[in-house]
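Notes for the one structure printed next.
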Number of protein chains: 2
Amino acid sequence: MENALTRQRKSTLADIAAKTGYGTNTVSLALRGSTRISQAARDTIIKAAEALDYVPNNTAKALVLKRSNTVGMLVEYLTNPQPTAVATALQREMSDRGYSVLFATSSTPEQEAAAIEMFRRHMVDGLLIYPVDHTNLSHLHRLRERNFPVVMLVGARDTGLDAVGVDEFQASYDATTHLIALGHKRIGALGPTKDKPLKIEGFRHAHRVHGLPLDERQIYEPVGFSMAAGYDGMAILAERDLGLTALFAASDMFALGAMRWAKVKGVSVPEQLSIVGYDNIEYGEFSNTTLTSVRNDGGTLAKAAVERLIALMETDGPLPPPTLTLLPGELVVRESSSRPGRRSWASGQTDKL
Amino acid sequence: MENALTRQRKSTLADIAAKTGYGTNTVSLALRGSTRISQAARDTIIKAAEALDYVPNNTAKALVLKRSNTVGMLVEYLTNPQPTAVATALQREMSDRGYSVLFATSSTPEQEAAAIEMFRRHMVDGLLIYPVDHTNLSHLHRLRERNFPVVMLVGARDTGLDAVGVDEFQASYDATTHLIALGHKRIGALGPTKDKPLKIEGFRHAHRVHGLPLDERQIYEPVGFSMAAGYDGMAILAERDLGLTALFAASDMFALGAMRWAKVKGVSVPEQLSIVGYDNIEYGEFSNTTLTSVRNDGGTLAKAAVERLIALMETDGPLPPPTLTLLPGELVVRESSSRPGRRSWASGQTDKL
DNA sequence: TTGTATGCGTTATCAC
DNA sequence: GTGATAACGCATACAA
């Protein structure tokens, strides 16, 4: 059967060998710049390779070397600019170091498993992953047990895996503490509670430490990952009529959705509702009311993750014990958070409440 | 030399053959569900494969089949949510069809060439690309001449290449015409003029068609691709003191940056400055003043591009003539565009002007 | 229904 | 310095 690539035969080492009169072995060495080959031979061979538009076949190389110089990168969504920026930086870093990147997205554990198997078929040398469910990492543990290099892009402690990420718990604690310090007593929260509970746990922890009672109904997990989800989530929190004067959003996407909700409902930010986000995406900085948020340095994060992955991939034999690189998240205070105002909006000011 | 993947030997067809007593050939056929193999044999072989945690080696398969079931995806940035969403959709579509995606980013023609060579090394079966420079596609023509499937994600006519994209020229014409119809006489433009001139050409065309004079200084090409670049670009246009009452931004990122500029400078949108963006990103919809923009259906675009690429990849022999799929961009009118107000801001109202 | 031999393009080993 | 030869893991043609 004819197939796609038979159309135009790619030239091979053998072609160059035939053209120059050398053996394929010599050609291979020459093209890789071996000094064992005479200068003259190298020149003619390189010239012939260019003339034939020769491109080395990584697939054949991988087969014999048992390494593909390729890594897998698995991300959940690319709707959030923060992980997206990190993904871009990861790709650049890997590329600079001579690695190619196979890319996949997954929003369920099943898709994640399928993507990982795809990566394995492609003989990737390692894996960079934003796992879907931070509370169940057994499949990643299995990979590590087989000495397969995996670096998780999550700032979580005690996972038994290599991980690089912002200290989500601490940063969320700080963000919430900022609101508490401003005098807020009833703070809503929008964020994941099941799969990725660390941020909301930081939120809870701040309440405990500062002796502030917390009603479970102050917390809501938006459905999906968008500003629309943040908008809807804020609407649901508002309906609960808990007298909220502030909101902690585990993502700027949610925060900006909530800010839009406030605008639509005539609730003023920050006078009637303070909002703190997370990720410090550019929109937050350019919003009409600029958004207080947690900044995390995606570039540093990507570099650290790539360095760790490469270290693991270059290790012969058993992998070294897992390492955790926890980067600090820095709270950037902007216009959207202030001391609670006199007027509340929960007491029926808005249309629907 | 030991290397990364020698750590844990991956099991192969030969391992399964050894374990079950069949030949590798039988095992290969059985695993691919050939009915030429007896049901009993297939069952034992599949069971053994699972026990050995067998994963087919795509690299070896690609070598013999001369196709990798992998495509390359090349994007410029992932800072703009619109192409990012398309990239995600492309990956999903390819994955659904059994293809893997090698991913790279490039912001210069040199990086683009390097990425394409990387893809060729990996024996990709095809290429999905947002080219950096829409005015010089000779390297892509060369690929096509060799019958290598390439689909460009650009809505440009007469490129001699397969392309799928929004009709940028028409959509930009429409957006500009919208502003002209509202009564604006002096409209600024922020967008690329050299690499990707189609949008600005649409802007120019609208001026020609509607008999509106156009000063070259009304057009500025922002440096980089961010809201900050839009902000700075708007500042530069303002300094030129051209009496602008409206702005056409070739990207919502620029538009939202310009909107922020207006807020900072005390210029009211749309009363003193109407703004029309392009891409219809979510943040425009959730902005304090909602943004008029050009909506393009990324999902449809991705699906069309993938279908075309697959059609090309499944073609035996010479490629069919290139095809252009031009999707319409729909102008979504929101709050940021209106008829010009009485007060202008250019006459010294703002701080610096 | 199953086994054997061959080749994909490359690198590595060992001759010469 | 350079050239054979084997091997990587798989699929195919051809035998049995």
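Values reported hereafter were calculated over all heavy atoms of this structure, with side chains retained and with hydrogens, waters and symmetry mates removed. What you see is a predicted model; the values in this text were computed from it and never measured.
DNA chain D is contacted by B:Y54, B:P56, B:N57, B:A60, B:K61 of residues 43-63 of chain B, taking any non-hydrogen atom closer than 4.0 Å. Of the residues in residues 23-31 of chain B, B:N25, B:S28 come within less than 4.0 Å of DNA chain D through at least one heavy atom, sorted by number.
Comparing the end axes of the helix from C:dT1-D:dA16 to C:dC16-D:dG1, each fitted to five base pairs by superposing C1' atoms of four pairs onto the next four, gives an inter-axis angle of 40° (nearest 10 degrees).
Electrostatic pairing of B:D53 and A:R120 counts as a salt bridge here, judged by a charged N lying under 4.0 Å from a carboxylate O. Using a 4.0 Å cut-off between a side-chain N of Lys or Arg and a carboxylate O of Asp or Glu, A:K303 and A:E307 do not qualify as a salt bridge. A salt bridge links B:D162 and B:R144; the closest N-O separation between the charged side-chain nitrogens and carboxylate oxygens is under 4.0 Å. Salt bridge present: A:K196 and A:E76 bring a charged side-chain N and a carboxylate O closer than 4.0 Å.
One side chain, A:T105 or B:R92, offers a donor N or O that lies under 3.5 Å from an acceptor on the other. No hydrogens or angles considered: a donor-acceptor pair under 3.5 Å links the side chains of A:Q111 and A:S107. Side chains of A:H122 and B:S100: a donor on one and an acceptor on the other come within 3.5 Å.
The nearest whole Å value for the distance from the CZ atom in B:R121 to the P atom in C:dG9 is 17 Å. Distance A:M123 CE to C:dT10 C1': 12 Å, rounded to the nearest Å. Between the CG atom of A:L13 and the P atom of D:dA4 there is a distance of 15 Å, rounded to whole Å. Atoms CZ (A:R32) and P (C:dG9) sit 17 Å apart, rounded to a whole Å. Between the P atom of C:dG7 and the NZ atom of A:K10 lies a distance of 21 Å, rounded to the nearest Å. We find that CG of A:L65 is positioned 12 Å from P of D:dG9, with the value rounded to whole Å. One interatomic measurement links the two molecules: CG of B:N69 to P of D:dC10, which rounds to 15 Å at whole-angstrom precision.
When each of A:R36 and A:S11 is assigned the nucleotide of DNA chain C bearing its nearest heavy atom, the one mapping closer to the 5' terminus is A:S11.
In the set C:dT2, D:dT12, D:dC10, C:dT2 carries the atom at the smallest distance from any side-chain atom of B:A41. Comparing atom distances between the B:V64 side chain and each of C:dT2, D:dC10, D:dC8 picks out D:dC10 as nearest. Of the listed nucleotides (D:dG9, C:dT2, D:dG3), D:dG3 has the atom at the smallest distance from the side chain of A:Y22.
When the side-chain nitrogen and oxygen atoms of A:R67 are compared with OP1 and OP2 of C:dT11, none of them lie within a distance under 4.0 Å. At D:dA7, none of the side-chain N or O atoms of A:K66 fall inside 4.0 Å of OP1 or OP2 (strictly under the cut-off).
Expressed to the nearest 0.5 Å, how far OG1 of A:T159 lies from CG of A:L140 amounts to 9.0 Å.
For A:A60, the side chain to side chain contact (heavy atoms under 4.5 Å, CB included) partners two or more places apart in sequence, or in a different chain, are A:N57, B:L63. Annotation: side chain to side chain contact (heavy atoms under 4.5 Å, CB included) contacts of A:R32 (sequence neighbours excluded): A:S28, A:L29. Not counting sequence neighbours, A:R36 has no partner by the salt bridge (charged side-chain N to carboxylate O under 4.0 Å, His left out) test.
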